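Only one structure is covered here, and it is reproduced in the block below.
We use all heavy atoms of the structure for the numbers below, so side chains are in, but hydrogens, waters and symmetry mates are not. Numbered from 1 within each chain, the chains take letters A, B, ... in sequence-line order. From a predicted model like this one, the values you see are computed outputs, not experimental measurements.
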Amino acid sequence: MLKGYVPPYNATVVQRLLDQGAVLMGKTNLDEFAMGSGSTDGVFGPVKNPWSYSKQYREKRKQKPHGENEDSNWLITGGSSGGSAAAVSAFTCFAALGSDTGGSTRNPAAHCGIVGFKPSYGLVSRHGLIPLVNSMDVPGILTRCVDDAATVLGVLAGHDPKDSTTIQDPGKPFMLSSLTDVSKLCIGIPKEYLVPELSSEVRSFWSKAANLFESEGAKVIEVSLPHTSYSIVCYHVLCTSEVASNMARFDGLEYGHRCDIDVSTEAMYAATRREGFNDVVRGRILTGNFFLLKENYANYFIKAQKVRRLIANDFVNVFNSGVDVLLTPTTLSEAVPYLEFIKEDNRTRSAQDDIFTQAVNMAGLPAVSVPVALSNQGLPVGLQFIGRAFCDQQLLTVAKWFEKQVQFPVIQLQELMDDCSSVFEIEKLASVSLKQ
Amino acid sequence: MAAPMLRGCCLGRCWALACIDSGSRHGRGAATGFTCSGKRGQSFVAQQPLLTAQKSRKGEHKWAAVVGLEIHAQIASNSKLFSGSQVHFAAPPNSLVSFFDASLPGTLPVLNRRCVEAAVMTGLALNCHINKKSLFDRKHYFYADLPAGYQITQQRLPIAVNGSLAYSVCVGKKWRQVITKTVRIKQIQLEQDSGKSLHDELRSQTLINLNRAGVGLLEVVLEPDMSCGEEAATAVRELQLILQALGTSQANMAEGQLRVDANISVHHPGEPLGVRTEVKNLNSARFLARAIDYEIQRQINELENGCEILNETRSFDYKLGCTVPMRDKEGKQDYRFMPEPNLPPLLLYDTASLPAGADPQQVINIDRIREQLPELPSETREKLIQQYGILPEHSFALLNEVGLLEFFQNVIKETRAEPKKVTSWVLNIFLGFLKQRNLAVNESPVTPSVLAELLNLLDRKVISSAAAKQVFEELWRSKGKTPSQIVSERKLELMQDEEALERVCHTVMEGHPQVVMDMKRGNPRAINKLIGLVRKVTHNRADPTVIKEILEKQLSS
């Protein structure tokens, strides 16, 4: 739909980075319109997880170190901001922006072994963020370490007059303090997040993390978020409804793709939208419009809003009872191969993979995924911290402490670089000849 | 033509098609009863100007019509409701369109403070309850002039509710009797205007101009308390005057700043309300009453012929003078209303609830706005009546023309003539001249000072009434001359020499003994003849009243 569209303005988050001297390396791939949890449904093709080519993974798979062209079993990055996660993970840039509506920043961060931060709703401007679900979207920050994420947040956070849902405070850069004493901290472990589908490895990392906090003096308690089981369905109703509304503007009339049919306005709209959207997007639009029909509105949309309030209140109650930060898994398992991922459709996958992340969006809370360790297959696993609304700084402080404790290994892409070095040689020659 | 026994759905459509397609077949009884009875096949369209709802057809039960209105007024603000692009009439196409107006992805609405103030002012002026919390919603439909695919409006909780609008209808001969009626105001809501589409039939294309897309509108919903076109038109006129007095909208129908949709149904008194139709986009003050009355009569005719009224949307064809179904609205639309997630609830305060230390730029205080409301037309009229003793219908007339009140007041300031005299001159002679030449008050060649001077001359009895009118005509034609100049140039001064006048009267009476005899006998017309003769002799320079006095005195002596 937006093929060839060059936006005539910069998003606030982009502009703020540019104003601070950031250099734009490029734009990254994603699931179309941020709908998906694998970054496999984009018009430019699927995104490949750099860890597929890492020494750590390859060694475990007993693959030949060089010349193995057959990478048909490469892994997904997760999504929907997979391209950004891959870019950061592969050291191509200092940081990348993504979006997070149901976990789209944290999910690929976990799969790519990097930090994926979702700010509190209202802290960072959405002006320029193509909306998916206006009441849940936030721009996400992907970096290799928590301090970097804090640096970016310091530049981005604060009031934007162009976004009426941002807070009034202007915001300013800050430095994260280095926590040494966690004895005053209370960590909550939501029991409803212990689901059968959770891989044993991730569960064990989760458990170890809890123990780590406890052994260092923090209070670690089990808490309950009773309405967790309804959140997927609730999210589905609200998400598709807002999507149907937000996608109504794509008609090919003012910008973007327009079909060739000009028999009538209706025919033009219909053909343009058929051509411009993939199945996933069209499916969600139809679903959302169904929920918004007069006869369905009360039963679906209004009900879902009420359930959303209950879910948000679950978090409020837990934080009011003295818990500072919640600790949960980010994903059910480590990244899976692409061929396996596509065996199920987008909707099924999203429903499965968003399970730990999307309740946070519904409640508007800040959350961050921090890589904890490598799995048996040599792939990254991340854990999620959830904080109180607008206590982003405190959340990142805890995350930073944890990061220092676990010492997650750096991705080893040396072989990949060696493979590429021949390419670099050719490039050097080219640049020399040009100079002549 | 349709088969004679057609009823129900087909009937309405066939009839309407006949109306549109057969421009030359007006007289073929296109409208009323062409199916069932076939007898009343008169050309309804030709009769159109004479029809009013009050006239009931002979031999039928009485019908009562019920009219409700939805009025859209463009807010007079510098920028649009949710974006910073300017608001201007007749700018080059698509030159006032911001990224948000064009629905570029990623753009967000930002509420315009002035528009909110305009809504609060209007709500207060119309006696509404102002909702301290109101909400914005999205109303979805696909149309080329709606770039986002939805309009941001206030469906769940509008900014103002439960008000009233008082308007006065003049009844009786010469509109002497003035009755005040009230129509309830259901609500006032803020919403976006759409762009404009221009259909180019020749090239089979539609041209879209988004200059108007996103301009702030006040939708004022009037309950169905009106019963005919005239009441509706008067209510709209009064609303126009109020909006103009407040400055919240220029409310100029010709420029599209005020648009009216009417909901019309008919029923027998005592029975339940009938099915209503909506007549959309009545954009002309002149045709508003006609269109409504036409639709009322159409419905009555349909029902009297045993047919049903469809709950449909119609528009008014100005050329043919009839309402026609709008073809491009298929069935009932489901607008899939949804809360607008990008706009938090709109919170207004009053002095009691204003948070301490609140930034005055960021909050709106209803009480302050109420204190600063300008004088409303009804107040102005009342003051005029009290201050100058003019009649109610004159106060209406003074307010009804742009600039006329100011003109009137300026004349009053500079003249000693009685207000009643001034009123008469301004409303009859001055306004008459304007209307004849199709001029607005501010285009008048005669300024208030000039008219004041003329009226002073009249007041001092320097000239007669007839002479004054002559002078006025001259003033209108040739600028630069003062009334006094014209009077002396054309020797229009009244004879001041009473003795000379007495002599003339005496002479005339002597010269016409027969007339004098008639006078003595009590013939009232006789004296007029004498007066006329005296006037002739004096070249109209004698005041007829004085002549009469002298003649009567001389007669009795």
Using the side chain to side chain contact (heavy atoms under 4.5 Å, CB included) definition, which of the options Leu146(B), Thr107(B), Leu104(B) pairs with Arg249(A)?
Thr107(B)

What part of Pro339(B) lies closer than 4.5 angstrom to a heavy atom of chain A: side chain, backbone, both or neither?
both

With chain B, which of Ser264(A), Pro7(A), Ala248(A) has the greatest number of heavy-atom pairs at distances under 4.5 Å?
Ala248(A)

Would you say that more than 12 heavy atoms from the other residues, nucleotides or ligands in this model lie under 6.0 Å from the CZ of Arg368(B), or not?
no

Backbone N/O of Lys294(A) and side chain of Tyr335(B): donor-acceptor pair under 3.5 Å
no

Based on non-hydrogen pairs under 4.5 Å, which of Gly84(B), Ser103(B), Gly149(B) is most in contact with chain A?
Ser103(B)

Euclidean distance, Lys162(A) NZ relative to Phe100(B) CZ, rounded to 0.5 Å
14.0 Å

Could you check whether atom CZ of Arg309(A) has more than 12 heavy atoms from other residues, nucleotides or ligands sitting under 6.0 Å from it?
no

Give me the atom names and distance for the closest heavy-atom approach of Pro161(A) to Val110(B).
O-CG2, 3.3 Å

Highest number of heavy-atom pairs under 4.5 Å with chain B: which of Gln305(A), Glu295(A), Arg273(A)?
Arg273(A)

Assert top hit (heavy-atom pairs under 4.5 Å, partner chain B, pool Asn296(A), Leu293(A), Thr165(A)) equals Leu293(A)

Tell me the closest heavy-atom pair linking Asp334(B) and Leu292(A), and the distance in Å.
OD1-O, 4.4 Å

Compare all side-chain heavy atoms of Asn289(A) with those of His140(B) and state whether any distance is below 4.5 angstrom.
no

In terms of heavy-atom contacts, does NZ of Lys139(B) have more than 12 from other residues, nucleotides or ligands at under 6.0 Å?
yes

Any idea which heavy atoms bring Phe250(A) and Pro105(B) closest together, and the distance?
CZ-CB, 4.0 Å

Does any heavy atom of chain B fall under 4.5 Å from the side chain of Asp163(A), the backbone, both, or neither of them?
both

To the nearest 0.5 Å, tell me how far Phe142(B) CZ sits from Thr265(A) OG1.
12.5 Å

So, do Phe301(A) and Arg336(B) sit near enough that their side-chain heavy atoms are less than 4.5 Å apart?
no

What are the two closest heavy atoms between Gly106(B) and Pro131(A), and how far apart are they?
N-CD, 3.8 Å

Intermediate values then yes/no, side chain to side chain contact (heavy atoms under 4.5 Å, CB included), Ile208(B) and Glu254(A):
CA-CA 10 Å; Ile208(B) 307 289; Glu254(A) 303 87 5; over 6 Å; no

Enclosure of Asp367(B) CG (heavy-atom neighbours >12, cutoff 6.0 Å):
yes

Quick check on Tyr300(A): does its OH atom have over 12 non-hydrogen neighbours (other residues, nucleotides or ligands) under 6.0 Å away?
no

Contact summary for Ala144(B) and Tyr269(A), nearest pair of heavy atoms:
CA-OH, 3.3 Å

Does Asp260(A) have more than 12 heavy atoms from other residues, nucleotides or ligands lying within 6.0 Å of its CG?
no

So which part of Phe337(B) gets closer than 4.5 Å to some heavy atom of chain A, the side chain, the backbone, both or neither?
backbone

When you check the side-chain N and O atoms of Arg138(B) and Asn246(A), is any donor under 3.5 Å from an acceptor?
yes

Please round to the nearest 0.5 Å and tell me the distance separating atom OH of Tyr297(A) and atom CE of Met338(B).
8.0 Å

Leading residue by heavy atom contact count with chain A [cutoff under 4.5 Å; candidates Asn342(B), Leu343(B), Leu111(B)]
Asn342(B)

Are Pro344(B) and Ser164(A) side-chain neighbours, meaning at least one heavy-atom pair lies under 4.5 Å?
yes

